[in-house]
Amino acid sequence: MKPRRILVTAALPYANGPIHIGHLVEYIQTDIWVRFQKLRGHRCIYICADDTHGTAIMIRARQEGRGEEELITEMQRQHERDFAAFDIQFDNYGSTHSPENRRLCGEIWQSLRAARLIVEDDVTQLYDPQAQTFLADRFVRGTCPRCRSAGQYGDNCQKCGATYRPSDLIDPVSTLSGATPEVRTARHLFVQLNQLHDFLVEWTQSGRHLQEEVANYLKGHFLHEPLRDWDISRPAPYFGFEIPDSPGNYWYVWFDAPIGYLASTQQWCDLHGERLDDWWRSPDTEIHHFIGKDITYFHTLFWPGMLKSSGFNLPTKVHIHGFLTVGGEKMSKSQGTFVMASTYLQHLDPAWLRYYYAAKLGPRLDDLDLNLDEFAAKVNADLVGKVVNLASRTAKFVETSGLSPVYPDDGGLFQQAAAAGELIAEAYENCDYSRAMRLIMELADRANPYVEAAAPWNLKKDPAEADRLRDVCTVALNLFRQLAIYLAPVLPRLAEQTGRLLNDPITAWRQSQIPLTGTPVARFEHLMKRVDPKDVLAMIEDSKPAEAAGQTPQFQDSDQPLRDEPIAETCSIDDFVKVDLRVARVVAAEAVPDARKLLKLTLSLGGDQRRTVFAGIKQAYEPDQLIGRLVVMVANLAPRTMKFGVSEGMVVASGPGGSDVFLLGVDAGAVPGQRVH
RNA sequence: GGGCCCGUAGCUCAGCGGUGAGAGCAGGGGACUCAUAAUCCCUUGGUCGGGGGUUCGAAUCCCUCCGGGCCUACCA
């Protein structure tokens, strides 16, 4: 087979936070693929970098009272340390804040200019006069202009789903400084991506560059209509690169981030005497991006557009994976499932996570669930019980004799496992690691009965059986070594240890096809510890916020809600009494069939006073559990006609929305109709 | 409302038109004692979500319904 030339990237982690186990899904997935390709004898390089620019970094550096460069340098050190500890081996790990990146951004920019893709337009945005910066949507909070719920982000309302511009918000507040933002207009630069519409349809819908469901998604959601212009500049101050021909404007972080792939490759080329064009402008190179589904849009539309316009290779394939859940739920800080890589390392072996992820990862975008019980069971049963056990039960019998000079008859076991190699390789190639792991474990399941039947511990007792003993162990250790080779992309350390044990380093997939004979066998050392569920629990405890883990109950409530939604401007008592809050009893409640969030409530204010209210609490409450209970409603709110009928008020509740909505109740004794003062 | 995916043994999943539906784990019984309470043998367990259709033949293809997930839209 002709060696392929393959360049692989994983998404660039943002320099605003440490690596956690959710990130690791991607870097491990990618690392396995790269190691597999290398083992198969292909030229393959794994390129990554820190993503360092943008408002968030600038703000954080300011808050911490230091320069951005200091911040990103430290974060990068942490990232690289964590990756290395998980055996994620990059060929080059760069930074988007590098001279190489600045140069390449300029080059691509010129290409976009030359292709007449860049236009200018005024953008009206909110500006924080105190922080002296324009505010991205998520840095503004205010009252939704449609449903009047407070504390909504600048682009859409969590409560009613309305979309609007940040300047439409009522009483907007900057989350950076708490100041009231001003409306300001600035000149922005845009890429007219729609000029590449035909190309993008062609590229996304053909050639298997994308998983099928991704291609369908793009077709249905973006490509069926003209693509909007992409705003790729930000006015100063902004931490990033200033646009050379547009002083005072900076490239938006999502412009320079993917170019970081090129820049990091450039660094690698400079270190290894290679040419960038051999990797990014050559029909002989494959480019594979691994990303999470959240950034699909950037990598499948903008990025190919940028590459196309500037004459670089297009991605051969963009491999997209889902998110990590833990125990079937989103990672949660309070539950201790938001586990940092560094916390994991304090308690558990990185090999375990690599194997578990591999056993769960398929070629699709499905979310991957880390179930902690399954994690321990699987690692212990598969790796320790089956695989490593093969070596630990036989190696010491041949410490003095070494492996037999001729590979003995094993009833075809080695040949069968060798033959399975191509299937396993195909599964790796297709990112179907769960299938690969299954196939490998099937082999392991056949190897242990062989040892059982041959009973080397009995042979050992009879000196006349010395040759037979050595043969049996030679078979067992060869079957073990085959597994170690097949698992090498996932478990590089096990492969190394196996190489040392049998005095023949594992460097190539094809070593799985020929039995190893005649080598000395080193003194056996433990290859892998079992998972102790206690350690898993300790890791979870360690991941809980300090206040949650404390023994004495302290009321250390998080400051997050206030940060999300700062306290509104002072109002007078007169303002307050304008709002007539009343206790009301829910006398009927039903789901609105066509609405995802709405329940239709009939509220009684006592007597025969009834109000119909549509409340966005469907995801949080069952209609049945509401009937009869007392709630607090805004009784003098102007009626509003909705698609499903007229809403004659609103019930008050706290929480960010969705299933996290908490209705206000009243203590016992209150009756419907009473005003809340 | 639209798109995609998934519903197969208690759990995780394989099988995706053709011998009586499988594996691992868990459960039950036995064996062994070399090995990290590992291993080996036997075994319990399933209307393959429901219903219709195509076919000589369907878990496997088509339709429909139910349930779950992810994404997206609308409505407030």
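In what follows, chains are A, B, ... by sequence order, proteins preceding strands, each numbered from 1. Remember, predicted model here, so these are calculated numbers, not experimental data.
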Mind calculating the distance between CG (A:D382) and C1' (B:A14) to the nearest angstrom? 14 Å

Heavy atoms from other residues, nucleotides or ligands near NZ of A:K529 exceed 12 (cutoff 6.0 Å): no

NA contact type, A:K219, heavy-atom cut-off 4.0 Å: base, sugar-phosphate, or nothing? nothing

Rounded distance (Å) that lies between atom P of B:A14 and atom NZ of A:K360: 10 Å

Rounded to the nearest Å, what distance is computed from the OH atom of residue A:Y357 to the C1' atom of nucleotide B:U12? 17 Å

Describe the nucleic acid contact of A:P449 in one word from base, sugar-phosphate, nothing, applying a heavy-atom distance below 4.0 Å. sugar-phosphate

Take the protein atom CE of A:M441 and the nucleotide atom C1' of B:G24, then report the distance between them rounded to whole Å. 10 Å

Which part of the nucleic acid, if any, lies within reach of A:L527 when heavy atoms closer than 4.0 Å are counted: base, sugar-phosphate only, or nothing? base

When rounded to whole Å, the CD1 to P distance for the pair A:I295 and B:C70 reads 20 Å

Would you mind classifying the nucleic acid contact of A:V388 as base, sugar-phosphate or nothing, using non-hydrogen atoms under 4.0 angstrom? base

Of all heavy-atom pairs between A:A376 and A:V531, which one has the smallest distance, and what is that distance? CB-CG1, 3.8 Å

Just call it for A:N216: base, sugar-phosphate, or nothing, with non-hydrogen atoms closer than 4.0 Å on any strand. sugar-phosphate

